[in-house]
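What follows is one structure encoded as structure tokens, with my remarks underneath.
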Number of protein chains: 2
Amino acid sequence: MIMVNLGLPARVRLPQLICIARERNDMNKLTDYIKDGEKIAAPDGTLMFAPGDESRAFLIVTSGTVRVEQTNAAGRTVVLYRVKAGDSCVLTTTCLLSERPYSGFGYCEGEVRAIAIAPKTFRRLLQTDDVFQNLVFQGFAARVGELTDVIDDLLEHRTDLRLARWLADRADDPTEMKQSEIAQELGTAREVVSRTLKTFEDYGWITIGRGRVSVLDQGALRAHGQRGQM
Amino acid sequence: MIMVNLGLPARVRLPQLICIARERNDMNKLTDYIKDGEKIAAPDGTLMFAPGDESRAFLIVTSGTVRVEQTNAAGRTVVLYRVKAGDSCVLTTTCLLSERPYSGFGYCEGEVRAIAIAPKTFRRLLQTDDVFQNLVFQGFAARVGELTDVIDDLLEHRTDLRLARWLADRADDPTEMKQSEIAQELGTAREVVSRTLKTFEDYGWITIGRGRVSVLDQGALRAHGQRGQM
DNA sequence: CCCGCTAAAGTGACTTTGTCACAGATAGAC
DNA sequence: GTCTATCTGTGACAAAGTCACTTTAGCGGG
């Protein structure tokens, strides 16, 4: 096991992250590919890839999450999706398939462990192994779907609706995030998040703490996110 | 040749559009696949697919263009990309690979002719034919890149900059479009386009006509799009 | 040729978001 | 407890989106 431990925000210079899709019952299948790859790990906060980097390996994530973000020229950022254990990363697959560089940033959330598969092996598996091919394609398709969801969301300019939906979707556990991070998730400004959360708190839908938001009334948030009435 | 001719906006109920990527020198290769497929055609303005539809065939576009749009719940629309002869459509490939329905709209611009390949044949070619596999992947990757470009663009909230860039990029021929269509290209409101074009005209960068915009000073537009100074 | 219809474009008023520049508040270190 | 870094709240203004409406251009019929 190669342990990457460079401090934060460190940069992985080893084979970079790619992941494959999986159906729940295919998880065992993943272990079949371990012999073809090399185990790697990276600590929380590691920068896995950045715009301009090239993919050097296909990775199967076995634990941890990679947050994939896109930042435009003006510095505004939005979170495209999260790569969880067994999930797939379009950007990386795209890079590997086409030998184009990445267009976004990938950061580790928690320690990420993964199995790195060399591009040559990746291509061989893709041609010879039906299950592998299916895993890659399914994951690829799922991620494209998430990209179009992000576009859908960005077309909606009412931040209060977007924020309400976002909060309702993660109402289970109190969200331990700074408001600046929430703004980044949605691709908006911190101040707007601050103001909007305040009104939600006034309505009794949430409680706000430093680096924390707790949902009190998931139903109200979801309804607001749907109908847009306040 | 099956000629689809249903009037506008008609709906193609035949095998729907998918296309493959191509490198310039692979164009001849396309003809190799014709024997596996069936020729179809659709007139200008035809609705090729809509959200919820399922892909029933992989199409190789041989002439014409398909404009792929995404419309959110509130009805705001943005153009994701255009599928030209030989180009590929991620949405369609995604649908075909994963058997998920489409998430956007596809409209013909000009008469579109294409070769339809059944999903089974598509999968066989993908596994057995290296060139075909490469074409699909290259095109797939290119389209994902365009999706991330759209996201990049939507993160930029200054419509004047986005419009300036958009105009500069198509400065060659006078743009024969309604302002409402331009708004749709950029995912913004017609009124904003109207006002912004007016200021550009005042600066002497363009001339405006009914259903037409002509670029006079491409350089100024490009510079404005880059630097954001007015 | 002109009338009148339709669709495109322009406009003003107002709301919301984004941006900037701070001020206030809180957690953690010492 | 105090200090400091960082997170959060706010006010002011510019830009964009929305709504409701007017004006204008193009086109077809008489």
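Excluded from the calculations below are hydrogen atoms, water molecules and symmetry mates; all remaining heavy atoms, backbone and side chain alike, are included. Residue numbers begin at 1 in each chain, while the letters A, B, ... track the order of the sequences.
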Can you list everything that forms a salt bridge (Lys or Arg N to Asp or Glu O under 4.0 Å) with [X]? Sequence neighbours excluded, please.
| X | value |
| --- | --- |
| Asp152(A) | none |
| Asp169(B) | Arg222(B) |
| Glu146(B) | Arg143(B) |

Handout entry: Nucleotide dC20(C), atom P - distance to CZ of Arg158(B) in whole Å
Key = 10 Å
Handout entry: Length of the CG-P vector between Asp160(A) and dT16(C), whole Å
Key =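 Taking atom P of dT16(C) as the reference, CG of Asp160(A) is at 8 Å.
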Suppose the criterion is salt bridge (Lys or Arg N to Asp or Glu O under 4.0 Å): which pairs have a residue in [range], not counting sequence neighbours?
| range | answer |
| --- | --- |
| residues 200-218 of chain B | Lys198(B)-Glu201(B) |
| residues 174-194 of chain B | Arg82(B)-Glu185(B) |
| residues 64-78 of chain A | Arg67(A)-Glu69(A), Arg67(A)-Glu109(A) |

Practice task
Using the side chain to side chain contact (heavy atoms under 4.5 Å, CB included) rule, pick out the option among Arg195(A), Arg165(A), His224(A) that qualifies with Asp160(A).
Solution key: His224(A)
Problem - Pair listing, ring pair (Phe, Tyr, Trp, His ring centres under 6.0 Å) test, anchored in residues 141-173 of chain B, at least two apart - result: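 Checked against ring pair (Phe, Tyr, Trp, His ring centres under 6.0 Å) - neighbours excluded - the pairs reaching residues 141-173 of chain B are His157(A)-His157(B).
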Problem - DNA chain D: 5'-most and 3'-most nucleotides touching chain B, 4.0 angstrom heavy-atom criterion - result: dA16(D) to dG26(D)
Practice task
Determine, for nucleotides 6-13 of chain C in 5'-to-3' order, which nucleotides have protein heavy atoms under 4.0 Å from the base (write B), from only the sugar-phosphate (write S), or from neither (write -).
Solution key: -BBBBBBB
